[in-house]
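This is the structure I want to talk about, given as structure tokens.
In the text below, chain A, chain B and the rest are named by the order of the sequence lines, each starting its count at 1.
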Amino acid sequence: MSRYEASDIEAKWQKAWEEAAIFQAKEDHDKPKYYVLEMFPYPSGKLHMGHVRNYTMGDVIARYKLSTGHNVLHPMGFDAFGMPAENAAMASGGHPKDWTYSNIDTMVEQMKPLGLSLDWSRMFATCDPEYYGQQQALFLDFLEKGLVYRKNAVVNWDPVDMTVLANEQVEAGRGWRSGALVERRELTQWFFKISDYSDELLTALDGLENWPAKVRLMQENWIGKSRGLQFSFERTDGEEAIEVYTTRPDTLMGASFVGISPDHPIAKQLEAESQEVADFVAECRKGGTTEEAIETAPKLGYDTGLRVRHPLDPNWELPVWIANFILMDYGTGAIFACPAHDQRDFEFATKYDLPIIPVVEPVEGADELTEAYVPTKAEKVRYVRGFAGTEEQTGEDGVNTAVDKAEAEGWGEGVTKFRLRDWGLSRQRYWGCPIPVVHCPDCGVVPEKKENLPIALPYDEDGKAIDFSVPGNPLDRHPSWRDCACPSCGKPAQRETDTMDTFVDSSWYFARFTAPRAETPTDLEAASYWMNVDQYIGGIEHAILHLLYSRFFARAMEICGHLPESAKEPFDALFTQGMVTHAIYENAERKNENGRSIYHYPNEVEERDGGVFVKETGERIKVIPSAKMSKSKNNVVDPLAIISTYGADTARWFVLSDSPPERDVEWTASGAEAAYKHLNRVWNLCDRIGEMDPDAKGEGDEDLLREMHKAIRDVTLGVESFGFNAAIAKLYGFTNTLSKSKASAAVQKQAIKTLAQLMSPMTPHLSEDIWAHQGGEGLVANAPWPIADDSMLVEDSVTLPIQVNGKRRGELTVAKDLDKAEVEKLALAHEAVQRVLEGAAPKKVIVVPGRIVNVVA
RNA sequence: GCGGGCGUGGUGGAAUGGUAGACACAGGGGACUUAAAAUCCCCAGGCUUUAGCCGUGCGGGUUCGAGUCCCGCCGCCCGUACCA
């Protein structure tokens with residue numbers, strides 16, 4: 001009997017696949033194409049279990065599709081620009097480029113042993129000049145089509161380091177390095193006009209049937225289409241009126257004040273005139289730029305002293321307040337506040353003692369307001385201070401009649417607005433794709449010429465390495481790179497030193513994979529053949545931004561002729577997988593010198609006496625289950641260690657087995673061990689069957705074949721529906737059946753070969769070995785997927801549970817097609833039913849054929 | 001704050017509105033062994049015992065029937081436009 005030596009067989013079969021080049025994708029119009037893509041990783045330098053799970057899922061699909069006669073494209077690359085490389089350069093010297101490419105090498109080394117069916121010949125990194133040069137060409141094309149423009153936008157400003165901070169570099173309102181209070185500051189920045197596509201991106205969501213409903217809903221809410229009323233409040237001082245937008249014009253008679261954003265032109269004018277206003281606005285600008293920071297900040301207001309007239313009653317004057325929770329980016333940057341029916345306005349009015357005037361109340365009558373009354377728009381309410389429509393109507397009708405009336409009377413206009421803002425792509429950083437424009441004193445902003453692309457990042461500065469020890473963007477202080485000739489007039493000019501948001505890099509890589517070495521962004525023929533991505537797999541954290549930006553990019557690329565019209569929605573099907581988690585072991589008896597918790601590695605602790613303890617010191621451990629793997633919590637499990645102990649097949653089997661793919665999976669050492677034991681059982685089973693006399697007769701051939709066909713049906717269904725954990729449960733079941741079977745050698749051999757095939761998407765190496773051992777032809781990776789024989793799946797009898805009043809009381813085994821009346825008769829005659837009925841007639845009997853009988857007593 | 005999701009034994013989880021706990025892990029018992037490991041077999045939601053009762057985060061509702069659908073809470077996770 002031989003032993004299962006994973007490392008031997010895995011290396012052997014990986015070599016065989018490579019030699020046969022079976023995963024290299026070529027256009028082949030005789031077969032249906034299938035493009036499967038997992039979201040490409042950031043090259044952190046460490047592969048983690050989340051990657052393993054993500055890529056294994058994609059690999060199962062890719063290998064299954066290969067077996068079902070598809071021409072498969074399954075590429076891999078790296079999302080290689082971004083802040084961690086600059087942070088590493090800051091922390092330990094070196095250059096982001098060296099750090100990144102060395103990490104990529106490491107990660108490829110770590111990925112190869114997994115035996116993924118990837119076409120490595122198509123690999124690229126977004127920091128390759130060949131890639132980002134084509135991205136610069138796309139930018140120029142977009143610019144020409146009017147899809148790019150410049151405007152002012154706010155950034156996080158660290159006043160001590162004098163630098164722009166990313167949102168994640170702001171911790172509790174302070175810069176992460178300097179500790180200074182962060183301010184919001186305006187800069188001129190580049191934008192993609194994604195808002196041109198708001199309606200289109202919204203309505204097209206309906207066509208994405210193979211996307212999770214939750215992702216479509218999240219995008220729908222993010223785009224945020226709303227219909228409301230836009231109108232003006234006349235100022236009592238006769239100056240320019242204040243224009244507001246509201247989605248609840250029906251509550252206009254509950255207006256308490258008019259609020260403007262601290263960034264509103266009127267606020268800016270007052271800021272210039274009054275120190276008090278300037279101080280207040282400065283206070284408002286403290287803190288980060290995130291929506292969360294702004295929305296959760298304590299509400300601040302300043303009464304400007306300005307007064308406006310209510311549009312429905314010229315004698316009614318309302319004060320104008322500057323309020324920190326009003327965003328200049330949305331609507332007109334000014335609102336009217338109705339505290340009675342908006343919780344934010346309610347809190348503000350309570351704080352500043354402004355009137356709270358109810359407009360609507362529940363039809364059944366109102367209590368005194370202790371918080372804003374906010375009924376849903378579909379709910380029928382009583383308008384006690386309405387001005388349009390009937391007294392009792394739904395909020396929706398109230399809004400519509402209010403808009404109609406305003407339009408008829410000429411003081412307002414119904415307007416559709418979107419929450420979606422244009423995509424700011426400028427980053428004041430080095431390690432990104434340079435924006436290919438030049439600032440010329442005479443010609444202004446001039447696009448770079450395409451023949452000058454790529455505008456490559458400088459590696460050094462006058463022979464010295466780029467310096468990251470000082471805050472700010474090294475491109476800004478790099479004269480020999482920054483100084484250039486104007487592409488238009490040839491006079492001295494300066495390059496744009498902002499680089500692109502890394503979301504730009506990931507918004508078209510899927511298209512580039514179809515022709516990764518093309519001299520243009522895409523090769524239209526290759527793109528037309530391979531697009532769309534048939535199955536895209538990635539984390540739910542990308543549900544909105546990455547996927548929305550990619551949808552926009554596909555449209556913009558289509559307009560510029562880089563993608564066919566059919567690729568406007570680039571991802572036909574989307575699957576969002578969960579994270580890999582691991583328990584955290586927190587020391588329950590001790591903190592470190594800074595008063596922070598101490599976390600222990602899994603191998604530092606042991607379980608005994610019903611508790612968990614540190615092996616060395618015996619200190620008690622608090623176990624926090626299912627936490628996201630994180631370096632700082634010491635709960636990261638290294639896939640390489642698992643692979644070297646058990647092999648890649650074990651790691652692959654385990655990450656798929658225990659949890660539904662869309663949910664988080666908890667990594668447990670015992671789970672990996674169990675997966676390994678199972679693969680050993682399969683190995684031994686193969687050995688045992690291989691040693692049987694080929695002519696040996698046995699019993700139960702028919703039964704084993706039936707189970708085999710059921711396994712084919714169930715595993716196929718599981719793989720096709722992303723029910724990998726369910727497929728694996730079936731494979732456990734079938735393995736147990738086979739190992740107990742006394743069937744003839746020929747049938748057992750057929751069964752183990754089928755088992756190897758069914759396992760091959762998950763455990764490709766072991767399956768190849770079994771396949772070869774049992775005399776299978778060629779590679780199992782190329783073998784056609786088994787098809788279940790329907791005639792073997794038919795059952796002639798069925799066991800029905802019998803319920804009385806919805807409670808299970810017994811069961812009944814009957815012929816499959818026995819008619820309802822007969823089933824009812826048998827059920828009523830059942831001893832358990834008789835006992836409950838006590839001779840009384842049932843009120844009702846429900847027979848669901850093939851499923852259940854329920855007797856209502 | 002806002003948007004989205006999730007919550008089932010000791011653990012991971014299964015269950016087109018139709019037998020809650022499949023399949024595993026950990027646990028208990030047994031076989032094999034001088035012994036152990038490995039392997040194999042059996043048991044196993046809780047509480048009472050031959051039959052029941054209680055059980056899918058909490059509280060309501062719809063239904064012949066709810067883990068599943070609806071309403072209201074609680075907790076955790078993701079996103080919140082410069083983390084990728």
* If the sugar-phosphate is the primed atoms plus P, OP1 and OP2 and the base is the rest, what is the B/S/- string for nucleotides 40-52 of chain B, using protein heavy atoms under 4.0 Å? -> SS---------SS

* Asked: Roughly how far apart, to the nearest Å, are B:rC70 and B:rG18 at atom P?
  ->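 To the nearest whole Å, 15 Å.
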
* In which ranges does RNA chain B form stems of 3 or more consecutive Watson-Crick or G-U pairs, distances under 3.5 Å? ->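 Runs of three or more consecutive pairs: B:1-7 with B:74-80, B:10-12 with B:23-25, B:27-31 with B:39-43, B:45-47 with B:52-54, B:57-61 with B:69-73.
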
* Below 4.0 angstrom from OP1 or OP2 of B:rA14, is there any side-chain N or O of A:N725? ->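 So the side-chain polar atoms of A:N725 do come within 4.0 Å of the phosphate oxygens OP1 or OP2 of B:rA14, strictly under.
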
* Atom CD of A:Q189 and atom P of B:rA81: how far apart are they, to the nearest Å? ->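 My rounded result for the distance is 14 Å.
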
* **Side chain A:N167 and base B:rC82 donor-acceptor under 3.5 Å** =>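 Answer no: no donor N or O sits under 3.5 Å from an acceptor.
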
* **Proximity of A:F192 and A:F553 rings by center, below 6.0 Å** =>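 Ring-ring flag for A:F192/A:F553: true, centres closer than 6.0 Å.
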
* **Heavy-atom donor-acceptor pair, A:Q343 side-chain to B:rG1 base, under 3.5 Å** =>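 Side chain to base: no pair below 3.5 Å.
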
* Around A:K742, counting heavy atoms of other residues, nucleotides and ligands shown, do more than 12 lie under 6.0 Å from its NZ? ->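 No, NZ of A:K742 has 12 or fewer neighbouring heavy atoms, counting only those of other groups under 6.0 Å.
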
* Asked: Is any NZ, NE, NH1 or NH2 atom of the basic residue among A:K710 and A:E707 found under 4.0 Å from an Asp or Glu carboxylate oxygen of the other?
  ->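 So A:K710 pairs with A:E707 through a salt bridge.
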
* Sugar-phosphate, base or nothing in reach of A:H678, heavy atoms under 4.0 Å ->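 Touches nothing.
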
* Span that lies between the P atom of B:rA26 and that of B:rC40, in whole angstrom ->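 These two P atoms come out 13 Å apart once rounded.
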
* To do: In plain terms, say whether A:D422 and A:K193 are close enough for a salt bridge, that is, a side-chain N and a carboxylate O under 4.0 Å apart.
  =>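 Looking at A:K193 together with A:D422, the answer is no, because their closest N to O distance does not fall below 4.0 Å.
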
* Asked: Is there a side-chain polar atom (N or O) of A:T502 under 4.0 Å from OP1 or OP2 of B:rA84?
  ->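 Checking A:T502 against B:rA84: at least one side-chain N or O falls below 4.0 Å of OP1 or OP2.
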
* Asked: Any N or O donor-acceptor pair linking the side chain of A:Q169 to the base of B:rC83 at under 3.5 Å?
  ->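 Result: no qualifying N/O pair found.
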
* Asked: With a cut-off of under 6.0 Å to the ring centre and 45° to the axis, is A:K151 in cation-pi contact with A:F191?
  ->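 Cation-pi check for A:K151 and A:F191: passes.
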
* Asked: Would you say a side-chain N or O of A:R427 is under 4.0 Å from OP1 or OP2 of B:rC82?
  ->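 For A:R427, the contact criterion (side-chain N or O under 4.0 Å from OP1 or OP2 of B:rC82) is met.
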
* Asked: Mapping A:T289 and A:K844 onto RNA chain B by nearest heavy atom, which one lands closer to the 5' end?
  ->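 Whichever sits nearer the 5' end wins; that is A:K844.
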
* To do: Could you verify whether a donor N or O on one side chain and an acceptor N or O on the other, from A:W190 and A:E496, lie under 3.5 Å apart?
  =>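 Yes, a side-chain donor-acceptor pair sits under 3.5 Å.
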
* **Euclidean distance for C1', B:rU19 against B:rG3 (whole angstrom)** =>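 Taking atom C1' in both B:rU19 and B:rG3, they lie 39 Å apart.
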
* To do: Answer syn or anti for B:rG9, where the cut-off is 90° from 0 on the glycosidic torsion.
  =>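 Syn conformation for B:rG9.
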
* Identify which nucleotide among B:rA84, B:rU80, B:rC23 has an atom closest to any side-chain atom of A:E291, counting heavy atoms from C-beta outward. =>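 Looking only at heavy atoms from C-beta outward on A:E291, the closest nucleotide is B:rU80.
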
* Which comes earlier along RNA chain B counting from the 5' end, the contact point of A:W423 or that of A:L217, where each point is its nearest nucleotide? ->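 In this pair, the answer is A:L217.
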
* How far, in whole Å, is B:rC58 from B:rU11 if one measures between their P atoms? ->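 To the nearest whole Å, 15 Å.
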
* With sequence neighbours left out, what residues match A:E86 under salt bridge (charged side-chain N to carboxylate O under 4.0 Å, His left out)? ->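 For A:E86 there are no salt bridge (charged side-chain N to carboxylate O under 4.0 Å, His left out) partners, ignoring immediate neighbours.
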
* With a cut-off of 6.0 Å (strictly less than), are more than 12 heavy atoms of other residues, nucleotides or ligands near NZ of A:K417? ->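 Count over threshold, so yes.
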
* **Pairwise C1' distance, B:rA22 and B:rC32 [rounded to whole Å]** =>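 The same atom, C1', in both gives a distance of 30 Å.
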
* Say you pick atom P in B:rG17 and the same atom in B:rC69; how far apart are they, in whole Å? ->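 Pairwise P distance, B:rG17 against B:rC69, rounds to 8 Å.
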
* Asked: Rounded to whole angstrom units, what separation is found between the OH atom of A:Y676 and the P atom of B:rU39?
  ->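 In whole Å, B:rU39 P and A:Y676 OH are 10 Å from each other.
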
* Protein-nucleotide distance (A:M762, atom CE; B:rC23, atom P), rounded to Å ->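 The answer, rounded to whole Å, is 18 Å.
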
* **Ring-ring centroid check A:F346 A:F348, cutoff 6.0 Å** =>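 Distance test on ring centres: not under 6.0 Å, no.
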
* Asked: Under 3.5 Å, is there an N or O donor on one side and an acceptor on the other linking the side chain of A:R851 and the base of B:rU19?
  ->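 A donor-acceptor contact between them is absent.
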
* Is A:E295 close to A:F325 at the side-chain level, that is, under 4.5 Å between some pair of heavy atoms? ->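 Result no, sub-4.5 Å side-chain heavy-atom pair not found.
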
* Asked: Can you check the A:E86 CD to B:rA84 C1' distance for me, whole Å?
  ->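 The distance from CD of A:E86 to C1' of B:rA84 comes to 14 Å, rounded to the nearest Å.
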
* Sugar-phosphate, base or nothing in reach of A:F503, heavy atoms under 4.0 Å ->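 Result for A:F503 = base.
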
* **P atoms of B:rC6 and B:rG13, separation to the nearest Å** =>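 That atom pair is separated by 14 Å.
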
* Is the shortest side-chain N/O distance from A:N221 to OP1 or OP2 of B:rG4 below 4.0 Å? ->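 For B:rG4, OP1/OP2 do have a side-chain N/O of A:N221 under 4.0 Å.
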
* Asked: When all nucleic acid strands are considered with a 4.0 Å heavy-atom cut-off, which category describes A:L420: base, sugar-phosphate, or nothing?
  ->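 Counting heavy atoms under 4.0 Å across all strands, the contact made by A:L420 includes a base.
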
* Does the ring center of A:Y132 lie less than 6.0 Å from the ring center of A:F81? ->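 Here the rings of A:F81 and A:Y132 have centres that are less than 6.0 Å from each other.
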
* **P atoms of B:rU48 and B:rC41, separation to the nearest Å** =>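 It works out to 32 Å between them.
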
